[in-house]
Undergrad: 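Before we start, here is the structure in question, set down as structure tokens.
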Amino acid sequence: MALSQDQIARYSRHLLLPEVGVKGQEKLCNAKVLCIGTGGLGSPLGLYLAAAGIGTMGLVDFDVVDKSNLQRQIMHGESTVGKLKVDSARTRLADMNSDAKIITYNTRLSSENALEIFKDYDIIVDGTDNFPTRYLANDAAVLLGKPYIYGCILRFEGQASVFHAKEGPCYRCLYPEPPPPGLVPSCAEGGVLGILPGIIGLIQATEVIKLILNKGETLIGRLMIFDALGMKFREMRLRKDEDCPICGDSPTIRKLIDYEQFCGIAQEEKANFEDTTMEISAVDVKRMLDDGEKFTLVDVREPSEYDICRIDGSVLVPLGQIEAMRPQNLNGLSQGDVIILHCKAGVRSLKAAKALKKMGFKNVRSMAGGIEEWSKKIDSSMPRY
Amino acid sequence: MITVKYFASLRSLAGKEEDLFNLGSETTLERLSEEISKTAPKIGEMMRGKKVMISVNHEVVVPGAVIRDGDEVALLPPFSGGC
């Protein structure tokens, strides 16, 4: 399809680059790119790819826009809080470039739908936030022989690479085994600097454009690592694992598997279910406080979270100090005390309760739902973050 | 000396960004992981369980790799944030 007069004016700065030119811009306008996730990474890369003239953009997301997204998810705004992310993104991208054909999938990517969704696209870009979806996206891309543009972020650090099993390693060559569930914090637990997805997302977008143009040196076989605090870019040369179960010489994975199970999420949920005996509801904790019962309320969040909000009378002992299993770190807690632990949502305090039990504490419970539940059920003036 | 650089969550597990080890002119990753385990057992365990990516002089290596005096070893755990 030849460029229209309008398009020539719009893309003139691209047309002036010999590496792009009319031919290159036509390639961009005919390209089909799938973005998994329209959040931190998906926002900047989606916006710039639409601006660059990518002809067809697929967007997969099942979430709705939350106020806590706006610190970094620049695709969305105050006017779309509470709306479906794919709808919010479609409106924004259509405004950015009405040439782009936007196809939305308001669904969670799964083993059942991934191949069907991926098959219509040239390039898959990963902006997800969890391990099962990353392994799923990698495997689906390998099975279909499509390039998979990887990016991830946490706190002040990010990584990006291009996995294209025909020419180099895949995600499984780097990390054959997922980490045990709960070991690696998500951005919701660990925090993330708002600009970080901007930097990593645009490295991904750059690679998408280079792959379409077939110009420059891509990140195939290289992992880019960025540290915002040290302001350092580092690079590692990757190797294809000949024993890789999906892209190696004799692959054992020939179709998509159950990724929740692979990443241990199912087992984790089962274990959590069995742990409910160690939990107490926020309502019961409030009643104990009102009745003047003697117990110590321990807040196991981080000091930065304690500064945001706290329940009156709580003692701060971050989970990390409890898990280090050194009694001198426990801010004066002793084994005979009646202890109720709480955190933001109830996950960390349950871990802390188990660790204390191992250390010989007898009467330890974790407040289910954490300070979020407290805010919902007991005191609505308690900020949620 | 072998320099070990910790990335992301490994920094808080190790309590530092970097470590130096004197393990003679030539050693193995297995031996290095045992040495790291003395102060940070979780990291040693993750190295042996293939849960971290290990590079030597900016190049990713396989578990049996030999490392030499003066090498820089980087340990990079997976992380998954994107939202």
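All figures in this text were calculated on a predicted structure; none of them were measured in a lab. First the proteins, then the strands, lettered A, B, ... as listed; each starts at 1.
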Undergrad: Can you tell me if CD on A:Q71 sees more than 12 non-hydrogen neighbours from other groups inside 6.0 Å?
TA: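 Enclosed.
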Undergrad: Distance-only, no hydrogens or angles: does the B:H58 side chain make a donor-acceptor pair with backbone N or O of A:R237 under 3.5 Å?
TA: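 No: the side chain of B:H58 does not pair with the backbone of A:R237.
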Undergrad: Counting only heavy atoms not in A:Y48, do more than 12 fall under 6.0 Å of its OH?
TA: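 Open: at most 12 neighbouring heavy atoms sit under 6.0 Å from OH of A:Y48.
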Undergrad: Determine, stepwise, if the pair A:E177 / B:M46 fulfils side chain to side chain contact (heavy atoms under 4.5 Å, CB included).
TA: CA-CA 10 Å; A:E177 299 278 337; B:M46 286 176 76; over 6 Å; no
Undergrad: Which residues satisfy the side-chain hydrogen bond (donor to acceptor under 3.5 Å, both in side chains) test with A:R234, sequence neighbours excluded?
TA: B:E72
Undergrad: Tabulate, in ascending numerical order, the residues of residues 60-68 of chain A having at least one heavy atom closer than 4.5 Å to a heavy atom of chain B, or enter 'none'.
TA: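 Heavy-atom contacts from residues 60-68 of chain A to chain B are absent.
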Undergrad: Pair up each side-chain donor or acceptor in residues 13-20 of chain B with any protein partner under 3.5 Å, not counting sequence neighbours, and list the distances.
TA:
{"residue": "B:K16", "atom": "NZ", "partner": "B:D19", "partner atom": "OD1", "Å": "3.2"}
{"residue": "B:E18", "atom": "OE1", "partner": "B:K5", "partner atom": "NZ", "Å": "2.9"}
{"residue": "B:D19", "atom": "OD2", "partner": "B:Y6", "partner atom": "OH", "Å": "3.0"}

Undergrad: By a 4.5 Å heavy-atom criterion (distance strictly below it), what part of A:I225 contacts chain B: side chain, backbone, both, or neither?
TA: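 Side chain of A:I225 only, per the 4.5 Å heavy-atom cut-off to chain B.
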Undergrad: Considering only heavy atoms, which portion of A:Y150 lies under 4.5 Å from any heavy atom of chain B: side chain, backbone, both, or neither?
TA: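 For A:Y150, the side chain is the part near chain B, not the backbone.
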Undergrad: Would you check if B:F79 and A:Q159 make a side-chain contact, meaning some heavy-atom pair closer than 4.5 Å?
TA: yes
Undergrad: Does a side-chain heavy-atom distance below 4.5 Å link B:L76 with A:L174?
TA: no
Undergrad: If you check every heavy atom in residues 47-55 of chain B against those of chain A, which residues fall under 4.5 Å?
TA: B:G49, B:K50, B:K51, B:V52, B:M53, B:S55
Undergrad: Between A:Q73 and chain B, which part of the residue has a heavy atom less than 4.5 Å away: side chain, backbone, both or neither?
TA: side chain
Undergrad: What closest approach, in Å, do A:M236 and B:A74 show between heavy atoms, and which atom pair accounts for it?
TA: CE-CB, 3.7 Å
Undergrad: Is A:P178 in contact with chain B via its backbone, its side chain, both, or neither, using a 4.5 Å heavy-atom distance?
TA: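 The backbone, not the side chain.
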Undergrad: Does any backbone or side-chain atom of A:L196 lie under 4.5 Å from a heavy atom of chain B? Answer side chain, backbone, both or neither.
TA: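 Neither part.
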Undergrad: Between A:I153, A:L238, A:T38, who has the most heavy-atom pairs with chain B when the cutoff is under 4.5 Å?
TA: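 Option with the greatest count: A:I153.
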Undergrad: For A:Y175, which atoms come within 4.5 Å of any heavy atom of chain B: side chain, backbone, both, or neither?
TA: side chain
Undergrad: Among A:T133, A:V192, A:D126, A:L154, which residue forms the greatest number of heavy-atom pairs with chain B at distances under 4.5 Å?
TA: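 Greatest number of close heavy-atom pairs with chain B: A:L154.
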Undergrad: Between B:P78 and chain A, which part of the residue has a heavy atom less than 4.5 Å away: side chain, backbone, both or neither?
TA: both
Undergrad: Answer with side chain, backbone, both or neither: which region of A:R72 has an atom nearer than 4.5 Å to a non-hydrogen atom of chain B?
TA: side chain
